[in-house]
Amino acid sequence: MEKTDILSLSLSELEQLLVKYDEKKFRAKQIFQWLHKKRIMDFDKMTDISVQLRQQLKENFCINGLFMQKRLESSIDNTVKYLYRLSDGNFVETVLMDYSYGKSICVSTQVGCKMGCNFCASAIAGYVRSLTPSEILTQIYETERDTGVRVTGVVLMGIGEPLDNFDNVLKFLNLISDKNGNNLSLRHVSLSTCGIVPRIYELADMKLQLTLSVSLHSPYDDKRSEIMPVNRTYNIDELMKACRYYIEKTGRRITFEYAVIDSVNSAEKDADKLASLLRGMNCHVNLIPVNRVRERNYRTSRSGAADFAKRLGQRGINATVRRTLGSDIEAACGQLRRDAGSKGGLDN
Ligand code: SAH
């Protein structure tokens with residue numbers, strides 16, 4: 001019988017399973033705390049659990065870990081980029097960023113991505129599978145173990161589309177914020193989506209306190225469909241309706257991500273259209289100088305993002321340019337994994 005991945009179980013799921021083994025419910029909380037609070041990844045070291053129960057745990061559960069395949073540290077700004085190998089040999093990327101207010105971590109939610117955004121290295125490298133809750137979670141645990149720091153913010157902006165792995169991402173959010181475990185407020189979590197509209201409605205109805213980031217990248221349907229195929233299924237009008245619903249339901253401000261690309265989406269007319277789209281909305285625009293991807297010719301000129309921010313500002317839209325971190329270890333999101341795959345032939 002296949003063993004159960006214990007790090008993917010919520011506290012209540014673990015309680016239910018232990019009761020099945022004729023154990024008291026409170027044992028689940030002890031085990032959960034060993035794993036998620038004390039980060040003890042060995043049943044034999046859980047000293048307040050009986051030897052008999054530890055044996056049973058070993059027979060029925062596994063504690064899945066990640067293997068650090070590669071670690072690149074920036075000498076400019078302390079950004080650390082990890083390539084982690086999963087138990088089946090696939091790879092994901094994780095980035096630890098150093099901000100004045102704390103450490104923020106960018107985690108992957110899938111091995112590859114189906115969404116096909118044409119400026120994104122993750123899409124070019126292809127889709128393999130979704131991550132389990134524990135595979136998302138242990139990117140954080142392993143990075144904290146490696147660096148000895150406590151992460152204060154989490155962004156779901158690595159490889160993958162979080163809303164295309166909805167159930168596991170929700171389980172992950174539950175695990176990361178559990179008071180008996182890691183206890184991180186969802187106010188310190190951002191989830192970035194390319195715009196899977198039905199899931200935005202579902203998320204809104206859950207009224208979680210996380211920050212929703214929506215990758216917009218163009219205010220025009222024809223252009224957005226060209227660079228983001230998801231727009232052919234959920235167009236800008238439908239996306240904006242869902243975003244307004246999200247803001248109304250949760251009372252939270254939305255962030256729109258906008259990679260500024262020369263000759264694609266940063267002219268005066270783009271600023272006009274974007275401003276008319278967002279005017280009056282409780283939102284913020286995050287402008288991203290585009291990361292160069294080998295296969296594409298997209299670029300942002302030196303002042304491109306700042307110029308576009310100014311244009312938006314003149315039109316009453318609040319926009320900031322995302323700081324570029326780890327430029328000396330640059331490899332646009334998804335490129336480490338793709339390179340590992342092509343060399344080692346381990347993924348896909
Ligand atoms: N699938 C999710 C989250 C992962 S990508 C999403 O689409 O939002 C995180 C952000 O990086 C998204 O806004 C994405 O559009 C952007 N991005 C991807 N490739 C990029 C590149 N080459 N340059 C700049 N931003 C990029």
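Just so it is clear, the model here is predicted, and its values are computed rather than measured. Hydrogens, waters and symmetry mates play no part in the numbers below; they use all other heavy atoms, side chains included. Index from 1, following the sequence.
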Check: When you check the gap from the basic side-chain N to the acidic O, do E144 and K103 get nearer than 4.0 Å?
Finding: no

Next item on the list: Indicate yes or no: does D270 engage K223 in a salt bridge with an N to O separation below 4.0 Å.
Entry: no

Margin query: Taking NZ in K45 as the centre, count heavy atoms belonging to other residues, nucleotides or ligands within less than 6.0 Å. Is the count above 12?
Written below: no

Check: Taking atom types as modelled and ignoring hydrogens, do the side chains of R199 and T193 form a donor-acceptor contact shorter than 3.5 angstrom?
Finding: no

Notebook entry, point to check: N231 side chain to E226 main-chain N or O, any donor-acceptor pair under 3.5 Å?
Noted result: no

Check: How far apart are the C-alpha atoms of R27 and Q30, what are their side-chain angles, what is the distance that settles it, and do they pass the side-chain hydrogen bond (donor to acceptor under 3.5 Å, both in side chains) test?
Finding: CA-CA 5 Å; R27 291 281 172 220; Q30 286 177 314; 2.6 Å; yes

Check: Is any side-chain N of the basic residue among K241 and E238 closer than 4.0 Å to the acidic one's carboxylate O?
Finding: no

Checklist line | Exceeds 12 heavy-atom contacts within 6.0 angstrom, atom NZ of K38 | finding: yes

Checklist line | Ring center gap for Y201 and Y245 short of 6.0 angstrom | finding: yes

Note to self: Please evaluate residues D146 and Y82 with respect to the criterion side-chain hydrogen bond (donor to acceptor under 3.5 Å, both in side chains), reporting the C-alpha separation (whole Å), side-chain torsions for both, the decisive distance (0.1 Å), and the verdict.
What the structure shows: CA-CA 10 Å; D146 175 56; Y82 296 92; 2.5 Å; yes

Next item on the list: Using a strict 4.0 Å threshold on nitrogen-to-oxygen distance, state whether R71 and E73 make a salt bridge.
Entry: yes

Item checked: Polar side chain donor-acceptor pair, N118 to Y298, under 3.5 angstrom -> yes

Note to self: Does this structure show an ion pair linking K114 with E161, if we count only N-O contacts that are shorter than 4.0 Å?
What the structure shows: no

Item checked: Salt-bridge criterion met for R311 and D272 (N-O under 4.0 Å) -> no

Checklist line | D237 side chain to N235 side chain, donor-acceptor N/O pair below 3.5 angstrom | finding: no

Item checked: Verdict with supporting geometry, I200 and L163, side chain to side chain contact (heavy atoms under 4.5 Å, CB included) -> CA-CA 8 Å; I200 295 177; L163 298 189; 4.0 Å; yes

Note to self: Ignoring hydrogens and geometry beyond distance, is a side-chain donor-acceptor pair present between Q139 and T94 at under 3.5 Å?
What the structure shows: yes

Notebook entry, point to check: With distance as the sole criterion, is a donor-acceptor pair present between the side chains of N182 and R39 under 3.5 Å?
Noted result: yes

Notebook entry, point to check: Counting only N and O atoms by type, is there a donor-acceptor contact under 3.5 Å from the side chain of S122 to the main-chain atoms of G112?
Noted result: no

